[in-house]
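Being a predicted model, the structure only gives us computed values, none of them experimental.
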Amino acid sequence: MRATDILRELLQSALAAQDIAWPAKTTIEPPRDKTHGDLATNVAMMAAKAAKKPPRELAEALRQSLASDPRLAAVSVAGPGFLNVAFTPGFWQETVLEVGRAGEAYGRCAIGQGVRVQVEYVSANPTGPLHIGHGRGAAVGDSLARVLRAAGYSVETEYYINDAGRQMRILGQSILYRCRELLGETVAEPEDYYRGDYIKDLAKELIDQHGRTLLTMPQDEATDICRLHGEREILAGIKKDLTDFRVGHEVWFPESTLLAAGAVDAAFADLREKNLAYDKDGAFWFASTTFGDDKDRVLVKSGGELTYFASDIAYHADKFRRGFDVVVDIWGADHHGYVPRMKACVAALGRDPEASLKVILVQLVNLLKGGEQIAMSTRAGKFETLADVVAEVGADAARFMFLSRKSDSHLDFDLDAVTQKSMDNPVYYVQYAHARVKSLFAKAAERGLTVPEATTDLLARLDTGEDLELLRLLEQYPDTVANAARSFSPHLVSFYLRDLAARLHRYYTVNPVLTAGDEATTAARLRLLEAVAQVVRNGLDLLGVCAPDAM
RNA sequence: GCGCCCGUAGCUCAGUUGGAUAGAGCAUCUGCCUUCUAAGCAGACGGCCACAGGUUCGAAUCCUGUCGGGCGCACCA
């Protein structure tokens, strides 16, 4: 961050001296090949036209104007006009001081500028326990919220409870069916009902409370009792499962409150007024094709019932009414066909759908055990619940696994691998890096070592190749956080952490710390590793994973 | 049939939004523990970036087409 900023400023003023504007597509980044230096930029190629000079000639002029800066060790022109820049070791050593000063704030930035973002995630219907697929959405949403906060966004997290509509009615019917069965009645299985064991448990609880009156009261009333009890208990279970997974939503938003407040009717009226909705074939339609959807969508079915989409429109209107600038919806990837109509909805609300609505699709998880895939279906009651998985592998391993892939790619979650304490299980690799540093400090204390604070002079001892590799990586952490926030990709943080951990483990093997030979070198190395531990902690925190002191 | 996503090492995946000679981990093979945690490190092997065109100084990345896989295409959620 510091390095790219410094270089950009130097280049900008050099170009400005020649009346050349900063080309928009300029990149400044670490070159793939380390022998090219610390940073490479294509600025001369991008600005060549404006400068009316060949790229290499412009690059040479820029090189000369940079060469005098004391922070730069070398500047060279290469290839078609790349400018390769190396900073001095002293510059990199300062990074330890930077990390020390910022502490747990190291890596935060202000690119969010306080923009208000809402992240809505999980939002599973309260018709059954969360399964492992929900767990992935939970990990991605929670981590994304943390990343966005670190990048200076003002974030609020929310769970939308679909507590109105058909699925909940089926839940009530499913429970009532089990009640009857348990009370000795022979009844036909309802269609499309939920058959998991938890339904039977709920039925037993209701029988304890109400006994046979469930059979004698009007059926609608009995179904309602079942539905309400089921919803309350299942939702409580979901909250507990999420808490155990270290995921906490700030707002729990029930769909029913939208209906109660007349928000759906208000949304309809608004659409009608804008001429974006109409009656046809006894149904009420949203003209989503106006905004590029394939076809118009029904909001009120000809039978008078609302579609899900109807309350989704009201819900999103409500989100924007609450003042959010950007709304993030995290969905299962199988809902991707829903995106165009949701974008149309946002457009109809008078917002720019690209800027105001980010839909993050989370691919399904293949759960593997003993090399076999475990099939899942909520309705059939066959699934590995999130709670089971967390109990088996722990929240840390599960979260890290969920965040170790781009969210929209398939994920094989191998229960055997995740329980192994090996490289099949990267979470241990990263956590071990933290524990190793902590263990060194514990050892140092044991030996009665006093470790002087880091100073420029002391840090000058950090001059091996491994020192500089680590320092450069530490300096890249803020960029990683910024990139993760910009691209809504928390997995970038876990990739960075794996790199940093690898670098640390190598360092540990190659450079003795406590037995370095002289106290100053030992102290300098400890201060460096302390900074590494700080960054590992900060990064793991963005993933919601613990950084243990010992393993 | 139409739309979206995907195709990179034997396997699982990155690839900083168009940059220089393509990157990790696992697996396989070879080394490294009388010394700070071997839950580790080093090295080797491994590639027509699905295929064919195009755009330009430059393409795994952008465009078109083909093949292959996944998912959508409801007055279900």
Side-chain angles (χ1 to χ4, degrees), chain A residues 25 27-33 35-36 40-42 45 48 54-55 78-82 84 124-125 127 162 165-167 170 192 280-285 294-295 297-310 332-340 361 363-364 378-379 404-406 408-412 414 417 420-429 431-433 435-444 446-447 476 479-480 482-484 486-487 489 491-492 494-496 498-499 501-502 504-516 522 525-526 529 550-551:
Chain A
K25 299 186 86 172
T27 56
I28 299 179
E29 51 197 21
R32 206 173 310 220
D33 187 337
T35 62
H36 290 145
T41 177
N42 62 356
M45 282 127 88
F82 286 102
N84 292 329
N125 289 355
T127 55
N162 286 118
R166 206 171 85 90
Q167 294 308 313
I170 294 175
D192 287 342
K280 193 182 107 188
D281 302 335
F284 182 59
W285 298 71
D294 294 343
K295 49 174 293 191
R297 304 292 170 176
V298 170
L299 300 177
V300 184
K301 303 179 205 174
S302 50
E305 203 175 358
L306 293 175
T307 62
Y308 250 61
F309 189 46
D334 53 337
H335 288 61
H336 74 256
Y338 213 79
V339 175
L361 298 174
Q363 265 296 355
L364 303 181
T378 306
R379 203 173 289 270
S404 66
R405 262 329 88 105
K406 263 191 311 202
D408 61 353
S409 64
H410 286 274
L411 172 66
D412 286 333
D414 188 332
Q420 269 176 42
K421 295 176 176 178
S422 75
M423 260 317 292
D424 281 340
N425 194 358
V427 66
Y428 285 105
Y429 188 76
Q431 289 180 318
Y432 185 39
R436 270 193 150 162
V437 174
K438 286 295 178 181
S439 147
L440 280 178
F441 272 88
K443 229 11 155 255
E446 238 172 68
R447 297 183 186 181
Q476 274 170 246
D479 281 336
T480 302
N483 281 337
R486 249 192 296 268
S487 58
S489 306
H491 77 277
L492 294 178
S494 54
F495 278 94
Y496 170 87
R498 239 184 291 191
D499 280 351
L504 181 279
H505 290 311
R506 176 180 160 75
Y507 189 94
Y508 184 91
T509 308
V510 177
N511 292 324
V513 178
L514 299 180
T515 53
T522 292
R525 288 179 178 176
L526 278 172
L529 296 192
M551 292 174 74

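Closest contact between the side chain of A/T307 and the listed nucleotides B/C75, B/U12, B/U17 involves B/C75. Side-chain proximity of A/V513 to the nucleotides B/C36, B/A20, B/U16 is greatest for B/C36. Checking B/U16, B/A38, B/C75 against the side-chain heavy atoms of A/Y508 singles out B/A38 as nearest. For A/W285, taking side-chain heavy atoms from C-beta onward, the closest of the listed nucleotides B/C75, B/A14, B/G19 is B/C75. Here the side chain of A/M551 is nearest to one of B/U16, B/A39, B/C13, namely B/A39. When the nucleotides B/A20, B/G15, B/A38 are ranked by their closest atom to the side chain of A/N84, B/A20 comes out on top. Listed nucleotides: B/G19, B/A42, B/C75. Nearest to the side chain of A/R506: B/A42. Proximity note for A/K295 (side chain, C-beta onward) versus B/A74, B/C36, B/A20: the nearest is B/A74. If you check B/C36, B/U12, B/G3 against the side chain of A/H336, the one that comes closest is B/G3.
Pairing of B/G1, defined by two Watson-Crick or G-U wobble distances under 3.5 Å, is identified with B/C73. When both distances must be under 3.5 Å, the Watson-Crick or G-U wobble mate of B/A42 is B/U30. Nucleotide B/A50 forms a Watson-Crick or G-U wobble pair with B/U66, both donor-acceptor distances falling under 3.5 Å. With a cut-off of 3.5 Å on both Watson-Crick or G-U wobble distances, the partner of B/G25 is given as B/C11. With both pairing distances under 3.5 Å, B/A60 is matched to nothing as a Watson-Crick or G-U wobble pair.
Base orientation of B/U12: anti (glycosidic angle beyond 90° from 0). In B/C57 the O4'-C1'-N dihedral to the base is more than 90° from 0, which defines an anti nucleotide.
At least one side-chain heavy atom of A/Y507 sits less than 4.5 Å from a side-chain heavy atom of A/R525. Between A/Y508 and A/V513 the shortest side-chain heavy-atom distance does not fall below 4.5 Å.
No contact: A/A444 has no heavy atom under 4.0 Å from any strand. At the heavy-atom level, A/S487 lies under 4.0 Å from base atoms of the strands shown. Using a 4.0 Å heavy-atom distance criterion, A/A40 is classed as a base contact. Across all strands shown, A/N162 has no heavy atoms under 4.0 Å from either base or sugar-phosphate atoms.
The ring of A/Y429 has its center closer than 6.0 angstrom to the ring center of A/H505.
The aromatic ring of A/H335 sits over the base of B/A77, with ring centres less than 5.5 Å apart and planes inclined by under 30°. With centroids closer than 5.5 Å and planes inclined by less than 30 degrees as the test, A/F495 and the base of B/A14 fail to qualify as a stacked pair.
Remark: the A/N42 side chain and the B/G19 base include a donor-acceptor N/O pair separated by less than 3.5 Å.
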